[in-house]
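Take a look at the structure set out below.
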Amino acid sequence: MKKRSKITLASMLALSVVLAGCGSKTDKNADSASGDSGKGATKTIHIFQFKVEIAEALNKLKADYEASHPGIKLDIQTVGGGSDYGAALKAKFASGEEPDIFNVGGYTDLNTWADKLEDLSGEKWVSDMVDVSKDQITKDGKIYGMPMNLEGYGFVYNKDLFKKAGITEIPKTLTELDAAAKKLQDAGITPFVNGYQEGWIIGQHTLNVAFAHQEDPSAYIEGLNKGTAKFAGNKQMDEFMKLFDLTLKYGQKNPLTTDYNTEMTMFANGQAAMTQQGNWTQVQIDGITPNMNIGILPMPINDNADENDKLLVGVPNNWVVNKNSKVKDDAKEFLSWLVTSDQGKNYITKEFKFIPAFKSINATEQDLGALGAEVLKYSKEDKLLSWQFARFPEGAWNEFGSSMQSYIAGKSDKDQLLADFQKTWDNLKK
């Protein structure tokens, strides 16, 4: 998930590491002295984060925060999109350059990093967290992270291209989606642009649809862990495969060589009517085609409209504090400022275009853009499906993505793909 705009878009996202703040030997020297907190000493908070969408806005925030907090410097590094943030974070710790603030997902990711995290239960913003954001970052009754935001995804679609193809009703079932895709194709419009080069798109978000549609997703995952549930023969997995095949049938050529940046550029330029993404793409789309007439569709797996007219909504990641940081009090102060100060709240809603994960932070449709407003609308109507990929065994989504890419390439069939999923889960579960 990422963001870059205008001419810099492709070049910035080609980098595996985007420097949003300039670290230097001076920074490290200052940081090493910061433990004494001597008068006049500059303290550097090293932030290592994954949301490329907000890297430019974080540059602006850095300047504002440093101006209002003399003696504090922010060193911000961004790794995301096509790069593996988890692997980069582990490499960062292995090198001894441990960040003071970094990002951790919920559930499985929280367990992986638990021994490095500061307990944030006593922070004043904890009581303001929306309920849906708490469980995924809670361990043994303690809160270890501050949710970045809420996000929702489905099929982002171009309303003008739908109108051009004569589509007057939003498809809410698999049959309706198939009919809409055919109308688009008959009108000379590519229905889907699929960024299936990216493992996270298919191994996390796409496959999550099958998990989210389970009658009890948590029970299904528990069953997979205990060996009492399987991929093969599962009704929702079978239905999900029909949706996956539909995107391939009506998608652009070469989905396996289409990365996120290409996917979003093609969509924003009107080269396809739909793409599987979420409200985090609003800023990037705006940077390519301002005021584009867009919305988000559900991702139906069968013909039950009530069951399928839902978006997939969850917490993408959390801000956490390294418990061994020499500047952890300053790090906690920065996070508190981000969600309690007027300036910080303004960045969250107007600059980041985040759907806030805090009750006291209000965002308007004008703040969020059309996509965020659509997710907010579905949330208020409680028409939601969950994000279950945070419960996958560590490293599983990478393997899932690779197996799905083999399927796309014609190197396996449905039965083999489900068998590969099962093998990955059984090998990586704990």
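In this text the structure is predicted, and so the values were computed from the model without any measurement. Atoms considered below: every heavy atom in the structure, side chains included; atoms not considered: hydrogens, waters and symmetry mates.
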Open item on the list: Quiz question: by atom type and distance under 3.5 Å, do the side chains of Thr206 and Tyr196 form a donor-acceptor pair?
Closed with: no
- [ ] Would you tell me whether Asn208 and Gln204 have side-chain atoms, one donor and one acceptor, within less than 3.5 Å of each other?
- [x] no
TODO: Please collect all salt bridge (Lys or Arg N to Asp or Glu O under 4.0 Å) contacts where either partner lies in residues 305-324, sequence neighbours excluded, each pair once.
DONE: Lys172-Asp309, Asp309-Lys383
Open item on the list: Can a donor-acceptor pair be found, under 3.5 Å and without considering hydrogens, that links the side chain of Ser133 to the backbone of Met129?
Closed with: no
Open item on the list: Evaluate Lys359 against Val130 for side-chain contact (heavy atoms from CB on, under 4.5 Å), listing each step before the verdict.
Closed with: CA-CA 6 Å; Lys359 301 169 188 174; Val130 297; 4.2 Å; yes
Open item on the list: Quick one about Trp425 and Asn225 (side-chain donor to acceptor, distance below 3.5 Å, no hydrogens or angles considered), yes or no?
Closed with: yes
Open item on the list: Do Asn317 and Lys51 pair up side chain to side chain, a donor and an acceptor below 3.5 Å, judged on atom types alone?
Closed with: no
Open item on the list: How close do Leu338 and Trp319 get, counting heavy atoms only, and between which atoms?
Closed with: CD2-NE1, 3.9 Å
Task: Any side-chain donor near an acceptor of the partner, Glu394 and Thr112, under 3.5 Å - done: yes
- [ ] Return yes if a side-chain donor-acceptor contact under 3.5 Å exists between Glu263 and Gln276, otherwise no.
- [x] no
Open item on the list: Between Thr258 and Gln252, is there a side-chain donor-acceptor contact under 3.5 Å, judged purely by atom types and distance?
Closed with: yes
TODO: Applying side chain to side chain donor-acceptor pair (under 3.5 Å), name anything that partners Ser325, two or more places apart in sequence or on another chain.
DONE: Asp100
Task: Pair Asn302, Asn308: side-chain N/O donor-acceptor within cut-off below 3.5 Å - done: yes
Open item on the list: Please enumerate all residues that pass side chain to side chain donor-acceptor pair (under 3.5 Å) together with Gln49, with sequence neighbours excluded.
Closed with: Thr78
Open item on the list: Given Phe211, which partner from the list Phe240, Phe421, Phe392, Phe400 fulfils the ring-ring contact (aromatic ring centres under 6.0 Å, His included) test?
Closed with: Phe392
Open item on the list: Testing the 3.5 Å rule here: is there a donor-acceptor pair between the side chains of Asp75 and Thr44?
Closed with: no
Open item on the list: Whether the Asp367 and Thr364 side chains hold a donor-acceptor pair (N or O, under 3.5 Å, no angle test) is what I'd like checked.
Closed with: yes
